[in-house]
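Here, residue 1 is the first one in the sequence, and each next residue gets the next number.
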Amino acid sequence: MIDVDSEGAIRTVTIDRPERRNALTEAGLEALEGAIVDADEPVVALRGAGPAFCAGADLSVVAELERDDAEAFARLGQQVARSIEDSDAIVVAEIDGPARGGGLELALACDVRVGTPDSTYGEPGATFGLFGAWGGTVRLPRIVGEGDALEFACTGRVVGAEEALRMGLLSRVEAEPRTVAEELAANETDALAVLKRRIRDDEDRDSQERREAEAFGELVDAHAGSLEGLLE
């Protein structure tokens with residue numbers, strides 16, 4: 001499900017489950033975390049195989065979870081997002097096609113988000129009684145502002161690359177996202193690591209993420225019956 005390839009200063013991590021729009025199970029999340037944490041390269045490029053970046057959590061799995069297990073699944077997704085955010089490497093989300101729910105949340109944890117002109121973005125959870133709980137309620141308002149975060153998440157609407165750039169969801173729009181990873185890799189790697197540590201410093205996420213996971217567990221308990229088949 002997670003493929004890793006290294007070339008020079010760039011490690012490419014690919015979520016490779018195109019038949020499910022690269023939706024992630026517990027095993028997929030754990031493998032993704034390992035691929036990021038184990039990186040020796042100064043730049044990591046995160047991408048999805050096929051026509052989607054990542055659909056987030058595999059809802060056929062979520063639908064089977066009891067409340068406590070749903071909360072634990074949310075905590076695992078938060079842990080993976082934090083591993084991306086706290087990694088020594090500069091992590092670039094190379095987004096082509098849809099980034100939805102948890103997939104968008106993983107992108108928000110990346111240091112740089114580059115989308116193709118055909119990429120699209122959405123937090124559709126509210127449309128079926130959930131919300132993205134991999135740190136999205138923490139990062140989304142910090143990145144786009146509270147007003148845009150509330151409107152975007154509560155309507156569940158999908159935006160294209162140019163609107164995502166305006167909102168701040170994207171750092172850049174490029175036909176070839178890899179060019180940005182190459183720009184980063186051409187710089188002095190020790191400077192990149194120090195810059196990331198300083199810019200990422202002074203965040204208190206624990207209590208926010210705990211409450212997010214608890215609320216996700218409650219909603220899965222309430223809406224599990226309507227989740228099956230949503231990714232079919």
**Prompt:** Side chains of R113 and S171: donor-acceptor distance under 3.5 Å anywhere?
**Reply:** no
**Asked** Is E71 salt-bridged to R210, cutoff N-O under 4.0 Å?
**Response** no
**Asked** Are E214 and R211 close enough for a salt bridge, meaning some N to O gap below 4.0 Å?
**Response** no
**Message:** Less than 4.0 angstrom from a charged side-chain N to a carboxylate O is my criterion; do R139 and E85 meet it?
**Reply:** yes
**Item:** R100-T120 side chain donor-acceptor pair, cut-off 3.5 Å
**Value:** yes
**Request:** Report the C-alpha distance between K196 and D88 in whole Å, list the side-chain angles of each, state the deciding distance to 0.1 Å, and finish with yes or no for salt bridge (Lys or Arg N to Asp or Glu O under 4.0 Å).
**Result:** CA-CA 8 Å; K196 175 167 179 173; D88 288 336; over 6 Å; no
**Message:** Between S87 (side chain only) and S83 (backbone N and O only), is there a donor and an acceptor less than 3.5 Å apart?
**Reply:** no
**Asked** Taking atom types as modelled and ignoring hydrogens, do the side chains of T12 and R178 form a donor-acceptor contact shorter than 3.5 angstrom?
**Response** yes
**Message:** Any salt bridge linking R17 with D58? Criterion: basic side-chain nitrogen under 4.0 Å from a carboxylate oxygen.
**Reply:** yes
**Message:** Consider side-chain contact (heavy atoms from CB on, under 4.5 Å). Of L46, N22, D96, which one does F53 pass it with?
**Reply:** L46
**Asked** Of V44, I95, I36, I84, which is the lone residue that meets side-chain contact (heavy atoms from CB on, under 4.5 Å) with C110?
**Response** I84
**Request:** Any chance you could lay out the side-chain contact (heavy atoms from CB on, under 4.5 Å) test for E123 and F131, step after step, and finish with the verdict?
**Result:** CA-CA 7 Å; E123 277 279 17; F131 68 95; over 6 Å; no
